[in-house]
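One structure is given below, encoded as structure tokens.
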Amino acid sequence: MRAPPTSSVTGGIAALGFVALLAVGAFAGLLVEGGRDLGNALASFDAYLLRVARFTLWQALLSTLISVGPALLVARAFSRHPAFFGRRALLMLFALPLALPALVAALGILALLGRAGFAADLFRWLGGGQWPGIYGLSGILIAHAFFNLPLTTRLFLHALDAIPADQWRLASQLGMGASARWWLIEWPALRATLPGIAGLVFMLCLASFTIVLTLGGGPAATTLEVAIYQALRFDFDPARALALTALQVGLTVFVLALLLRLGADLTGDATLSVSARRYDRPGRFESGFNAAAIVLAAALVAGPIVAIVAAGLQADLLRLMTETAVRDAMTTSLVLATLSAGLCVALTLSMARARHRLAAARRGSRSGFTERALDGGASLILVIPPIVIGAGWFILLRHAADVFALAPVMVVTVNAAMAIPFAMRAIRPAHDDAATRHDRLCAQLGIGGFDRWRLIDWPSLRRPLATGFAFAMALSLGDLGVIALFGSDAVQTLPYLLFQRMGSYRTADAAGLALILALLCLALMMIAERLGGRRP
Amino acid sequence: MSHADQAKGGADVVLDGVTFAWPKGRPMHFDLTVPAGEILAIMGPSGSGKSTLLSLLAGFETPTAGTIRIGGEDVSLLAPAARPVSMIFQENNLFAHLDVAANVGLGRSPSLRLTTEDRVHVDQALARVGLAGKERRLPRELSGGERQRVALARVLVRDRPVLLLDEAFASLGPALGDEMLDLVGGLHASKGMTVLMVTHDPRDARRIAPRTAFLEDGRIAATGPTEDLFAATRSAAFGRYLGEGSPR
């Protein structure tokens, strides 16, 4: 195009500036406080802090190992058996954890394996006495595996599906056995994706907050993020929070840099698998092994989900629904999530639009700073965990205002920023595609401003925008990060209320709320999926 | 005679020392005068600047030096929509989510607020290009040739004195391409607009363009009557482009 239409670029820079302000404000809060109390902040680098850092890394490492290792076997099993009854249903089951809020999953695992869970009942009935429960490292690992094993399986399966059918024809012609296939065909394909996938899981576990908060069960099993929350919410020790945050951000950046050096692609995406037809049948032993792998993985995923439903149905759902606190929390949650999703989609669209305009204006020369900033800005938020942003603003604002009154603003903005990378994946390809087709034509015909939005952009971007909106709304609806810091009796979201009921041992209520929350998020995710259409 | 066929005449097109360069590309330099109402074919190897020339005229690119005059007026700095020019691309001439009538109507009003008179003109233009009765179709329900006919109908309702065709019919195949060229020829006969037509097929040039400009390396290497260019007097460069030893 000629000169880039400046209004869209300005809009994109404004959106990026907003996200940057959110991050910079948080760091400013921490630095101002740290500068005021430098001695204390430095003194906070004590044995406790190092122990927390060590545990953070240790649990992330173990979680990655127990998710990625078995996933290799499960993905291979699915790929070896491209057609069996229930395969599609199982793969859809494996997509389910992604749609569930971490808090709900944690509750499901507690309902299944906790001291008062279904497993404990069975254990007692069998005469085993007191069930030990799963608080601590084991609970965290199971929850992380619940989320990441199915995700990883789908990603690995995607890699296996990408192996050309000719290679399988060749393999059967050459008479390769199972182990030859593994070493010569399957493992090389998996190994190429391994660093990226393992890195993604490690990053997710490193920044895990809700799972550790609900299942960690004490100072022995605390991660940096949970320690930040405790330092602010319970001990009110900003100096310590600053030290913890610095360490968390440092660790994240370090790991991310390491992963980028390894050439990892951190944008995991999985579609429903269509494995190529195989020209031989796995032997009886291999089939049995594969079946076992699939059944065990399915049990890991289905167990907590069934427990959520079973425990939720035991709760007095009718009474819960009529309870004022519950209804208020639900209204608050829906309003905040709607605002947050709207803000997220607006920010994402502005950034995508400005980026595209700049890319078109430079006509194949090197991308400028603004364009690269717009590219990076979208994923910036992945490096800075929401709890850190929340913490920074909490510290910054506590002198100026009543932080708890600011809860709605913080929840809406931070959750919106958090969802940008995901909304970007839904919106940017469709936007760029439409813009490439329409820009010249609109310039030629003089279609601009609101007319362009009304006649051209909205009709062609409606569906991807709705997908991004539903996704962002589900993320915001299920988030416990920011509201855990800013929540109070005055402003309660559904996850916050759920967490409170858990804390006061009203387990049945918590289970009922978890079921409601799960259904809400699931419905939104299904809408997002449906609107997104069948991606190729 | 319907409104769409009222003769209005073309405007002369002048590129006066127009200079332009793509990033990391060699500078291009165009000097060209096209009299009002002429059909000029523009030929040349890929990368020689044919499409760039049309983009400069349409206003999608801005020259670094020189002026572009259409009908005597300097349009070098005007936005694409403000220039007295319509352009048809090889593809993506239509909005996929809008029906045929709306796609044509946008040529009359970019906000698609059409008067009854506008609608009559749209229908007449569609009838003129042979698409009567297909007003409510979506572009995906049309053939490739029909989609370009819709674009031509929009050119009719826009009624600008200059028409630019950027290999508009190249993907249609010989028979259909000829049909479309004849349609353009017919529209030209009734409206008299100036037509600049980029093509890679010498047959296209000979079919409707009395004059041809030959581009090489970002400048106009030769202009002249189309038949002369194809005859023995052709330049060495044009011979290379056509392929020596295969006179057509």
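Numbered from 1 within each chain, the chains take letters A, B, ... in sequence-line order. When reading the values below, keep in mind they use all heavy atoms of this one structure, side chains included, and skip hydrogens, waters and symmetry mates.
Closest of all the heavy-atom pairs between Pro80(B) and Ala443(A) is CB-O, 3.4 Å. Closest approach of His97(B) and Ile456(A) over heavy atoms only: CE1-O, 3.6 Å. Looking at every heavy atom in both residues, Arg437(A) comes nearest to Ala96(B) through NH1-CB, 4.4 Å. Taking both residues in full, the closest heavy atoms of Pro110(B) and Leu455(A) are given as O-CD1, 3.4 Å, listed atom of the first, atom of the second, then distance.
Comparing Asp451(A), Leu441(A), Thr436(A) by heavy-atom pairs within less than 4.5 Å of chain B, the highest count is held by Leu441(A).
Only the side chain of Arg454(A) comes within contact range of chain B, judged by heavy atoms closer than 4.5 Å. Looking at Leu94(B), the atoms closer than 4.5 Å to chain A (heavy atoms on both sides) all sit in the backbone: N, CA, C or O. No part of Ser109(B) comes within reach of chain A, as not one of its non-hydrogen atoms sits under 4.5 angstrom from that chain.
Contact of the Cys442(A) side chain with the Phe95(B) side chain is registered, since non-hydrogen atoms from C-beta on lie closer than 4.5 Å. Between Arg154(B) and Gln444(A), the closest side-chain pair of non-hydrogen atoms is not below 4.5 Å.
Salt-bridge annotation for Asp166(B) and Arg440(A): absent, with no side-chain N of the basic residue lying under 4.0 Å from a carboxylate O of the acidic one.
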Stepwise, does the side-chain contact (heavy atoms from CB on, under 4.5 Å) test hold for Leu445(A) with Arg108(B)? CA-CA 9 Å; Leu445(A) 298 172; Arg108(B) 194 41 79 94; over 6 Å; no

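Proximity to chain A at a heavy-atom threshold of 4.5 Å picks out nothing from residues 140-150 of chain B.
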